[in-house]
Amino acid sequence: MVRTIEWKDGKVLMLDQSKLPCEVRFIECTDYLMVAEGIKRLWIRGAPAIGIAAAMGVALGARDVKASNYDEFMAGIEPVFETLLSTRPTAVNIRWVIDRIRNKLFVQRHNPVPSLKTMLVEEAERVLSEDIEVNRSIGKFGAGLIKDGDTILTHCNAGALATGGYGTATAPILFARDQGKKIQVFADETRPVLQGARLTAWELMQEGIPVTLITDNSAGSMMRRGEIDLVIVGTDRTVRNGDVANKIGTYSVAVLAKENGVPFYVAAPTSSIDLSIATGDEIPIEERDPGEVTRFYGSFSAPGCDPVWGFVRIAPEGVKVRNMAFDVTPGKYITAIITEKGIFKPGEIKDLDAAK
Ligand code: MRU
């Protein structure tokens with residue numbers, strides 16, 4: 001199983017996903033600012049994975065806080081929380097993890113500061129291991145929706161790389177494979193950052209799952225031709241009415257799936273469910289650097305030389321760009337939402353006692 005992040009020898013070891021699949025390179029983060037930078041720059045990405053990174057970032061940040069009691073400690077750790085919360089706005093997982101940590105710290109407020117710091121490291125490791133268990137559970141429930149011989153379309157990367165391991169959208173696929181079902185996956189390339197081409201295709205190939213890469217523009221046509229049996233995607237935030245925010249292009253896939261009578265499923269760990277928001281319209285949508293749209297990032301390599309990373313411009317200099325990283329898919333397009341607690345209709349999410 002691909003592992004994208006771990007706590008090792010008092011540091012955070014992160015697989016630099018911006019270099020995949022050309023280079024498998026790990027980055028050692030020695031302080032919380034580096035973790036925050038890694039989240040912003042997409043060295044690590046995917047809602048659950050950035051939640052885990054934030055938990056580890058807090059543990060790193062806590063180490064340098066000089067305090068002799070709980071109140072001083074909280075005053076010192078607050079900038080760490082704020083920095084991590086400001087990295088990426090759409091996924092709710094960073095807030096989920098910070099709220100969880102705040103609660104833990106409050107419960108243990110009478111403990112000495114050094115033990116609070118130790119607790120934060122243990123908690124970060126727990127967030128990681130729990131996430132893997134949650135994904136396995138999503139896999140178990142979701143596999144029941146997949147039949148022998150099915151072709152599954154996915155968008156972006158909601159696989160092991162986007163989580164502690166095993167993935168959310170990929171979990172039912174892995175589980176169905178382990179049940180002996182012969183399945184295959186179509187991966188949307190996912191412009192502009194190409195998480196489908198660079199990450200999903202790579203990790204499914206590592207798992208030995210037959211995967212076919214298609215351009216984003218092909219998905220509708222593939223559905224019309226009857227080549228897709230179901231769609232499974234991840235989510236960055238699922239709200240009370242069952243609307244979900246996910247990678248830009250998810251909405252188009254969902255509308256096309258409805259039009260073509262293809263079931264559209266969302267794999268959603270409760271860590272990405274936000275019951276404080278009524279509808280998808282209230283979800284903050286991240287807008288990213290126009291350079292992601294006007295340029296390609298890649299590596300040039302010659303035999304015997306180290307790869308050289310750089311940008312290739314593909315659009316006119318100075319062109320106006322909108323680069324919304326996520327979109328909202330209304331619940332009416334979603335057949336069901338697969339969580340670690342079971343499978344729900346979008347309208348049932350509001351009744352879910354999310355593990356908050
Ligand atoms: O911009 P990214 O790569 O962080 O976007 C990731 C996605 O949209 C994923 O589908 C989502 O975070 C779910 S990951 C299990």
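Order of listing sets the numbers, starting from 1, for every ligand and every atom in it.
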Is [X] close enough to touch ligand 1? Criterion: a residue heavy atom under 4.0 Å from a ligand atom.
X    : answer
A325 : no
P48  : yes
T250 : no
R88  : yes

Could you check whether [X] pairs with [Y] (Lys NZ or Arg NE/NH1/NH2 to Asp/Glu carboxylate O, under 4.0 Å)?
X    : Y    : value
R237 : D274 : yes
R102 : E78  : yes
K345 : E348 : no
E6   : K8   : no

Atoms in ligand 1 with a heavy atom of [X] nearer than 4.0 Å:
X    : answer
A158 : 14 (S), 15 (C)
K247 : 1 (O), 2 (P), 5 (O), 8 (O)
A162 : 14 (S), 15 (C)
F326 : 1 (O), 5 (O), 8 (O)

- Within 6.0 angstrom of K140 NZ, more than 12 heavy atoms from elsewhere: no
For ligand 1, find out whether one of its N or O atoms is nearer than 3.5 Å to an N or O atom of [X].
X    : answer
T168 : no
A47  : yes
D236 : yes
G46  : yes
H155 : no

- Approximate separation, where rounding is to 0.5 Å, of I94 CD1 and I50 CD1: 4.0 Å
- Message: What's the separation between atom CD in E130 and atom CD in E340, rounded to the nearest 0.5 Å?
- Response: 10.0 Å
- Message: Using 30° and 60° as the class boundaries, would you call the ring planes of Y297 and F311 parallel, tilted or perpendicular?
- Response: tilted
Using a 4.0 Å heavy-atom threshold (strictly under), name the region of [X] that reaches ligand 1: side chain, backbone, both or neither.
X    : value
Q195 : side chain
C156 : side chain
V193 : neither

- Task: Would you check if there is a donor-acceptor pair between the side chains of S115 and Q108 at a distance under 3.5 Å?
- Result: no
- How far apart are the closest heavy atoms of L145 and L230, and which atoms are they? O-CD1, 4.0 Å
- Item | For atom 10 (O) of ligand 1, closest protein heavy-atom neighbour | N246 OD1, 2.6 Å
